[in-house]
Amino acid sequence: MIRLGYPAQNLSLPASTNHTLRLANLPDANRVRSLVRENLRALEEILHWNAGHGVSLFRIGQSLIPFASHPDFPYDWAVEHAPDLGRAGSLALSLGVRLSFHPGQYTQPGSPRPEVAARSVMELRYVARALSLMGSPDGVVVLHLGGAHGDREAAKTRFVEALRHEEEVLRFLALENDERTWTVSETVEVSRRLGVPAIVDTLHHALNPGGLKLVQALDLGLPTWRTRGSNPKLHISSQDPEKKPGAHAWAIHSEDWSGLVEALEAVDSRSADVMVEAKGKELGLPDVGASRY
DNA sequence: TTGGGTCAAGGAGTC
DNA sequence: GACTCCTTGACCCAA
């Protein structure tokens with residue numbers, strides 16, 4: 001069976017887990033505390049909505065705890081928010097909603113600049129710690145490989161070296177192909193070196209296929225999940241025909257959806273968790289096909 | 001109250 | 001070297 005989910009926000013609810021603040025206001029610890037509590041309260045509301053609408057995956061925005069990895073964060077968030085994180089995690093577990101994070105383009109563990117790589121590791125530690133405190137058994141931290149810096153082999157090696165001893169990060173980490181730099185086969189190669197799974201993103205793959213058809217890409221990516229012991233994750237999105245390549249459409253076009261379902265059937269994959277990256281968020285989820293497969 | 005500019009951060013492509 | 005895009009909501013401030 002295919003389970004579906006969406007990232008970062010729910011357009012149907014007046015609730016957001018993404019309340020943030022500017023760096024200049026970070027010293028105001030009480031303000032940060034109440035903002036984080038509001039984000040966690042909203043997370044519980046969204047989890048209830050998801051469970052009530054048959055949505056089984058949710059990607060939490062990076063600013064659940066804004067600036068959590070910043071050296072100037074004013075208190076020990078992992079201690080103070082542990083009870084609330086634990087409650088939200090238990091709720092997700094009881095409702096059957098799988099959680100994930102997806103640090104963005106500024107997270108570059110493979111950067112040749114040591115300070116950039118170090119900050120990136122701190123960001124990954126933050127989300128891994130949050131998932132640990134939520135007690136998430138199948139939580140995922142999704143990350144792109146980042147820049148190639150003119151030497152692909154050196155970049156891959158730096159990436160692996162930066163993370164190979166990060167035990168808590170590796171427990172949740174999964175690597176995703178991107179639309180211009182790293183193909184599925186290269187992403188899988190680095191995943192194997194780190195002992196973590198790989199996520200195939202269908203739109204990125206279409207734009208940067210590296211000579212592979214989608215079926216071949218899935219054939220490479222899906223087996224990397226065997227050692228993790230949880231359902232394989234995939235990303236799907238459709239191209240916005242009005243915008244430049246890579247821009248997400250409001251919803252998933254039926255041919256993209258059927259293309260993925262057929263490819264999964266071709267590789268005989270009976271279960272997958274598909275994150276739907278649509279501008280319409282939960283409103284862009286495919287409403288056919290998932291439950292029948 | 002509202003609209004528009006701005007906000008921690010990296011890297012790649014264009015000109 | 002400067003600029004833009006990625007992707008983005010929310011903050012912040014001037015009007």
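From a predicted model like this one, the values you see are computed outputs, not experimental measurements. Below, chain A is the first sequence line, B the second, and so on; all start at residue 1.
Ranked by how close their nearest DNA chain C nucleotide is to the 5' end, His19(A) and Pro7(A) are led by Pro7(A).
In this structure, Ser63(A) reaches neither bases nor backbone, as no heavy-atom distance under 4.0 Å exists between it and the strands shown. Backbone-only engagement by His149(A) is indicated by non-hydrogen atom pairs under 4.0 Å involving sugar-phosphate atoms exclusively. Contacts of Gln105(A) with the nucleic acid, taken as non-hydrogen atoms under 4.0 Å apart, include base atoms. Looking at heavy-atom distances under 4.0 Å, Ala8(A) makes no contact with the nucleic acid at all.
In this structure, Gln62(A) places its CD atom 16 Å from C1' of dA10(C), rounding to the nearest Å. Spacing between atom CD of Glu115(A) and atom P of dA8(B) amounts to 18 Å, rounded to whole angstrom units. Remark: P of dG10(B) and CZ of Arg180(A) are 16 Å apart, rounded to the nearest angstrom. The separation between Leu124(A) atom CG and dA9(B) atom P is 18 Å, rounded to whole Å. Across the protein-nucleic acid pair, Leu26(A) atom CG and dA9(B) atom C1' stand 14 Å apart, rounded to whole Å. Between the C1' atom of dC11(C) and the CG atom of Leu35(A) lies a distance of 11 Å, rounded to the nearest Å. The distance from atom CD of Glu38(A) to atom C1' of dG9(C) is 15 Å, rounded to the nearest whole Å. Atoms NE2 (His248(A)) and C1' (dT8(C)) sit 13 Å apart, rounded to a whole Å.
Within the structure, a side-chain polar atom (N or O) of Arg113(A) is placed less than 4.0 Å from OP1 or OP2 of dG11(B). Within the structure, a side-chain polar atom (N or O) of Ser16(A) is placed less than 4.0 Å from OP1 or OP2 of dA10(C). Phosphate proximity of dT8(C) to Lys281(A): present, with a side-chain N or O under 4.0 Å from OP1 or OP2. For Arg119(A) and dG10(B), the shortest distance from a side-chain N or O to OP1 or OP2 is below 4.0 Å. Phosphate proximity of dT7(C) to Lys279(A): absent, as no side-chain N or O sits under 4.0 Å from OP1 or OP2.
The gap from the P atom of dG11(B) to that of dA10(C) amounts to 27 Å, rounded to the nearest Å. For dC3(C) and dC7(B), the P atoms lie 15 Å apart once the distance is rounded to whole Å. Atom P of dG10(B) sits at a distance of 23 Å from the matching atom of dC11(C), rounded to the whole Å. Between the P atoms of dC13(C) and dA8(B), the separation comes to 12 Å (whole Å). Spacing of P atoms, dT6(B) relative to dT4(C), comes out at 12 Å, to the nearest Å. Taking the C1' atoms as reference points, dT8(C) lies 23 Å from dT1(B), given to the whole Å.
In this structure, Tyr106(A) forms no aromatic stack with the base of dG10(B), since the conditions of centre separation below 5.5 Å and plane angle below 30° are not both met.
With respect to Glu38(A) and Arg41(A), a salt bridge is recorded, a charged nitrogen being found less than 4.0 Å from a carboxylate O.
Across all strands shown, nothing is found opposite dA8(B) as a Watson-Crick or G-U wobble partner with both distances under 3.5 Å. When both distances must be under 3.5 Å, the Watson-Crick or G-U wobble mate of dA15(C) is dT1(B). Under the Watson-Crick or G-U wobble criterion, with both distances below 3.5 Å, dC3(C) is paired with dG13(B).
His102(A) and His235(A) have tilted rings, their planes meeting at an angle from 30° to 60° on a 0 to 90° scale. Using a 30° and 60° split on the angle between ring planes, His53(A) and Trp49(A) fall in the parallel class, below 30°.
Heavy atoms of other residues, nucleotides or ligands lying less than 6.0 angstrom from CD of Glu167(A) number 12 at most.
Side chain of Glu179(A), nearest nucleotide from dA12(B), dC11(C), dT7(C): dT7(C).
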Evaluate the criterion ring pair (Phe, Tyr, Trp, His ring centres under 6.0 Å) for residue pair His81(A) and Tyr75(A); output intermediate values, then yes/no. CA-CA 10 Å; His81(A) 296 300; Tyr75(A) 57 92; 5.5 Å; yes
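Judged by atom type and distance alone, Arg22(A) reaches the base of dC11(C) through a side-chain donor-acceptor pair under 3.5 Å.
Inter-residue side-chain proximity for Val267(A) and Val215(A) is flagged as met; some heavy-atom pair is nearer than 4.5 Å.
With hydrogens and angles disregarded, a donor-acceptor distance shorter than 3.5 Å links the side chain of His205(A) to the backbone of Leu212(A).
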